[in-house]
Amino acid sequence: MFRLVCINCGAEYDQSEIIYRCSKCNHLLTVKYDLESPGFTRADWNSRPLSLWRYKEILPVTGEPVTLQEGGTPLYHMKRIGEELGLKNLYAKHEGLNPSGSFKDRGMTVGVSMALQLGMKTVACASTGNTSASLAQYAAKAGIPAVVLLPAGKVALGKVAQALMHGAKVIAVRGNFDRALEMVQELCLTEGLYLLNSVNPYRLEGQKTIGLETVDQLGEVPDRMVLPVGNAGNISAVYKGMLELEELGFTDKIPVMTGVQAAGSMPVVKAIAEGLEVLEPQKDPETIATAIRIGAPVNAEKALLAIRQTGGTALSVTDDEILEMQRDLARKEGIGVEPASAASVAGIKKMAEAGLLDKDEKIVCVVTGHLLKDPETVIRQCDPPVEIDADLKSLRAVLR
Ligand SMILES: Cc1ncc(COP(=O)(O)O)c(C=O)c1O
Ligand SMILES: N[C@@H](CCOP(=O)(O)O)C(=O)O
């Protein structure tokens with residue numbers, strides 16, 4: 001059993017209501033389960049394959065899910081980068097290895113399943129790219145139409161290609177992501193489309209499983225979890241999952257939640273640094289990591305709580321630091337990620353170099369999207385292939 005609850009005033013809403021914010025105070029909603037007598041054990045979970053659906057008792061989907069086999073992503077021990085930074089236990093949870101190439105699939109398998117469960121006919125989102133790619137793919141699987149709004153000219157090539165190929169109605173808005181999100185929220189409320197951005201509390205339920213899987217893979221709760229922050233849903237979701245594990249009595253600690261933003265797009269960092277109660281939106285965010293080019297994160301309220309209640313922090317990294325870490329991950333660890341994803345590890349590098357981390361800390365960086373999402377940024381950083389005549393003499397010559 002679960003219900004929707006306002007995180008500010010505690011007002012409760014039935015699970016069948018199509019509602020994204022509290023109708024009394026306009027704050028965000030969350031999904032609450034009865035975890036006191038759950039009717040399942042940790043052994044039940046452990047008997048199932050590693051996947052988002054291992055945790056089905058604390059997910060809101062009651063019927064057959066719309067699934068493309070998301071979750072169960074690898075947790076890599078980053079030995080080389082860890083050694084360089086003096087960190088023995090540095091890990092990357094590679095969410096780029098989900099079906100559409102990002103963590104959004106965890107949210108969309110649940111979100112699109114809920115759309116069907118609630119009888120909704122069309123789904124919609126605004127996106128910096130990955131949300132739209134994932135929504136298009138899951139809507140295709142469900143056999144329902146999807147409408148996606150993108151900031152014109154600011155979405156990486158691979159993501160636009162995915163949204164188009166999976167058959168979404170793709171609309172490029174001459175404005176930034178924040179404006180597109182305002183527009184799609186209005187559209188959904190007035191036209192009855194189902195909104196699947198992370199303001200939808202059901203979507204975040206899927207994303208919380210990143211944390212649950214991490215605990216199962218590591219065999220314990222990490223000391224710290226590090227996430228790139230854009231619309232701030234993922235860090236909020238992972239924290240919620242950790243709280244639920246503790247409430248179930250399955251774990252007895254919560255990781256320190258650490259958010260990393262790009263220096264040109266850092267409203268959460270500013271809010272944490274200045275102790276702001278309410279985040280001040282940043283007007284013209286800019287970064288090479290287009291996935292996190294977001295000035296008015298819709299989940300700021302939840303993310304600030306996640307960071308503050310765990311004694312965590314938010315820090316920024318420059319575009320150069322992001323790209324350097326993207327190359328390091330690719331070349332030193334064999335982990336191919338898009339720029340926004342490299343921000344989490346770049347943030348840890350910065351903290352390690354500033355002497356802010358204990359060498360034994362168990363740190364899990366969530367790397368959120370696949371390298372092929374943004375091929376143009378990759379190609380710009382690399383030397384072009386060496387072209388030769390089709391003979392062995394030429395081949396030997398270039399290898400010399
Ligand atoms: C690849 C990637 N990383 C990180 C983020 C940030 O996640 P969130 O918006 O949940 O903070 C996004 C999207 O926002 C993304 O697409
Ligand atoms: N990076 C995101 C931005 C939208 O965030 P959402 O979590 O609210 O959908 C994207 O890929 O579009």
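Other residues, nucleotides and ligands contribute only 12 or fewer heavy atoms inside 6.0 Å of the NZ atom of Lys141. Atom CD of Glu17 sits in a crowded spot, with more than 12 heavy atoms from other residues, nucleotides or ligands closer than 6.0 Å. Within a 6.0 Å sphere centred on CZ of Arg80, heavy atoms belonging to other residues, nucleotides or ligands number 12 at most. Environment of CG in Asp252: sparse, with no more than 12 heavy atoms of neighbouring residues, nucleotides or ligands closer than 6.0 Å.
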When you look at Glu338 and His370, which way does the side-chain hydrogen bond (donor to acceptor under 3.5 Å, both in side chains) test go after all the steps? CA-CA 5 Å; Glu338 67 168 288; His370 198 276; over 6 Å; no

Test side-chain hydrogen bond (donor to acceptor under 3.5 Å, both in side chains) on Lys93 and Thr214; report intermediate values, then the result. CA-CA 7 Å; Lys93 175 89 171 137; Thr214 297; 5.0 Å; no

Show your working on salt bridge (Lys or Arg N to Asp or Glu O under 4.0 Å) between Arg380 and Glu376 and close with a plain yes or no. CA-CA 6 Å; Arg380 272 199 300 274; Glu376 290 168 315; 5.6 Å; no

Determine, stepwise, if the pair Lys283 / Asp178 fulfils salt bridge (Lys or Arg N to Asp or Glu O under 4.0 Å). CA-CA 9 Å; Lys283 234 172 158 244; Asp178 300 305; over 6 Å; no

Pair Leu245-Leu212, side chain to side chain contact (heavy atoms under 4.5 Å, CB included): steps then yes or no: CA-CA 8 Å; Leu245 279 186; Leu212 309 183; 3.4 Å; yes

Please report the C-alpha distance between Gln117 and Val112 in whole Å, then the side-chain angles of each, then the deciding distance to 0.1 Å, and finally whether the side chain to side chain contact (heavy atoms under 4.5 Å, CB included) criterion is met. CA-CA 9 Å; Gln117 197 164 305; Val112 173; over 6 Å; no

Using side-chain hydrogen bond (donor to acceptor under 3.5 Å, both in side chains), reason through Asn98 and Glu70 one step at a time and then give a plain yes or no. CA-CA 5 Å; Asn98 275 297; Glu70 47 294 312; over 6 Å; no

Trace of the side chain to side chain contact (heavy atoms under 4.5 Å, CB included) decision for Leu395 with Ile388: CA-CA 7 Å; Leu395 178 58; Ile388 59 165; 4.0 Å; yes

Run the numbers on Glu324 and Arg327 for side chain to side chain contact (heavy atoms under 4.5 Å, CB included), then give the verdict. CA-CA 5 Å; Glu324 188 188 356; Arg327 295 191 298 273; 3.9 Å; yes

If you apply the rule side-chain hydrogen bond (donor to acceptor under 3.5 Å, both in side chains), what do you find for Thr73 with Glu95, and how did you get there? CA-CA 6 Å; Thr73 55; Glu95 288 297 299; 2.6 Å; yes

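To the nearest 0.5 Å, the span separating SG on Cys125 from CG on Asn200 amounts to 11.5 Å. In this structure, CD1 in Ile171 is found 5.0 Å from CG in Leu149, a value given to the nearest 0.5 Å. Considering CD1 of Ile18 and CG of Leu118, their distance stands at 4.0 Å, rounded to 0.5 Å. Note that CD1 of Ile81 is 11.0 Å distant from CG of Leu87, once rounded to the nearest 0.5 Å.
The pair Glu246-Lys253 fails the salt-bridge criterion, with no side-chain N (NZ, NE, NH1 or NH2) lying under 4.0 Å from an Asp/Glu carboxylate O. Ion pairing between a basic and an acidic side chain is recognised when a charged N comes within 4.0 Å of a carboxylate O; Lys159 and Asp374 show no such pairing. Salt bridge annotation for Lys79-Glu83: absent, with no cationic side-chain nitrogen under 4.0 angstrom from a carboxylate oxygen. Salt-bridge check for Lys349 with Glu321: failed, with every basic side-chain N at 4.0 Å or more from each acidic carboxylate O. Ionic pairing of Asp358 and Lys88 is not present here: no N-O contact between side-chain nitrogen and carboxylate oxygen is shorter than 4.0 angstrom. Salt bridge annotation for Arg3-Asp14: absent, with no cationic side-chain nitrogen under 4.0 angstrom from a carboxylate oxygen. Salt bridge status for Glu286 with Arg293: present, with a side-chain N to carboxylate O gap under 4.0 Å. For the pair Arg179 and Glu186, the salt-bridge criterion is not met [side-chain N within less than 4.0 Å of a carboxylate O].
Tyr33 and Glu205 make their closest contact through OH-OE1, 2.6 Å (heavy atoms, listed as atom of the first residue, atom of the second, distance). The two atoms that bring Ala289 and Ile322 nearest to each other are CB-CD1, 4.2 Å, heavy atoms only. Across every non-hydrogen atom of Asn8 and Cys25, the tightest pair is ND2-SG, 3.4 Å. Tyr20 approaches Leu195 most closely through the heavy-atom pair OH-N, 3.0 Å. Here the shortest heavy-atom pairing between Ile335 and His94 reads CG2-CD2, 3.7 Å. For the pair Pro201 and Ile19, the tightest heavy-atom approach, listed with the atom from each and the gap, is CD-O, 4.4 Å.
Criterion: ILVMFWY side-chain heavy atoms under 4.5 Å apart, direct or through other members. Under it, Leu243 and Leu204 are not part of a common hydrophobic cluster. Tracing side-chain contacts under 4.5 Å through hydrophobic residues (I, L, V, M, F, W, Y), one never reaches Val148 starting from Leu157; they form parts of separate clusters. By the criterion of side-chain heavy atoms lying less than 4.5 angstrom apart, applied directly or through intervening Ile, Leu, Val, Met, Phe, Trp or Tyr residues, Val337 is grouped together with Leu90 in one hydrophobic cluster.
Side chain to side chain, Gln381 and Gln326 meet the donor-acceptor criterion of an N or O pair below 3.5 Å. Side-chain contact, Thr258 with Arg224: a donor N or O sits under 3.5 Å from an acceptor N or O. Residues Gln261 and Ser316 have side chains that never bring a donor and an acceptor to within less than 3.5 angstrom of each other. Side-chain atoms of Tyr239 and Asn234 form no donor-acceptor pair, as typed in the model, at a separation below 3.5 Å. With 3.5 Å as the limit, one finds no donor-acceptor pair spanning the side chains of Lys154 and Thr290. Lys373 and Gln162 share a side-chain donor-acceptor pair at under 3.5 Å. Side-chain atoms of Ser198 and Asn299 include a donor-acceptor pair closer than 3.5 Å. Thr67 and Tyr138 are not linked by any side-chain donor-acceptor pair at a separation below 3.5 angstrom, with hydrogens and angles left out of the test.
Screening Ile292, Asp319, Thr377, Val378 for a side-chain contact (heavy atoms from CB on, under 4.5 Å) involving Pro339 leaves a single residue, Thr377.
Under the rule for a ring-ring contact (aromatic ring centres under 6.0 Å, His included), the partners of Tyr91 that lie at least two apart in sequence or sit in another chain are His77. Residues forming a side-chain contact (heavy atoms from CB on, under 4.5 Å) with Asp284 (at least two apart in sequence, or on another chain): none.
Using cut-offs of 30° and 60° on the angle between ring planes, the pair Phe40 and Trp45 is parallel.
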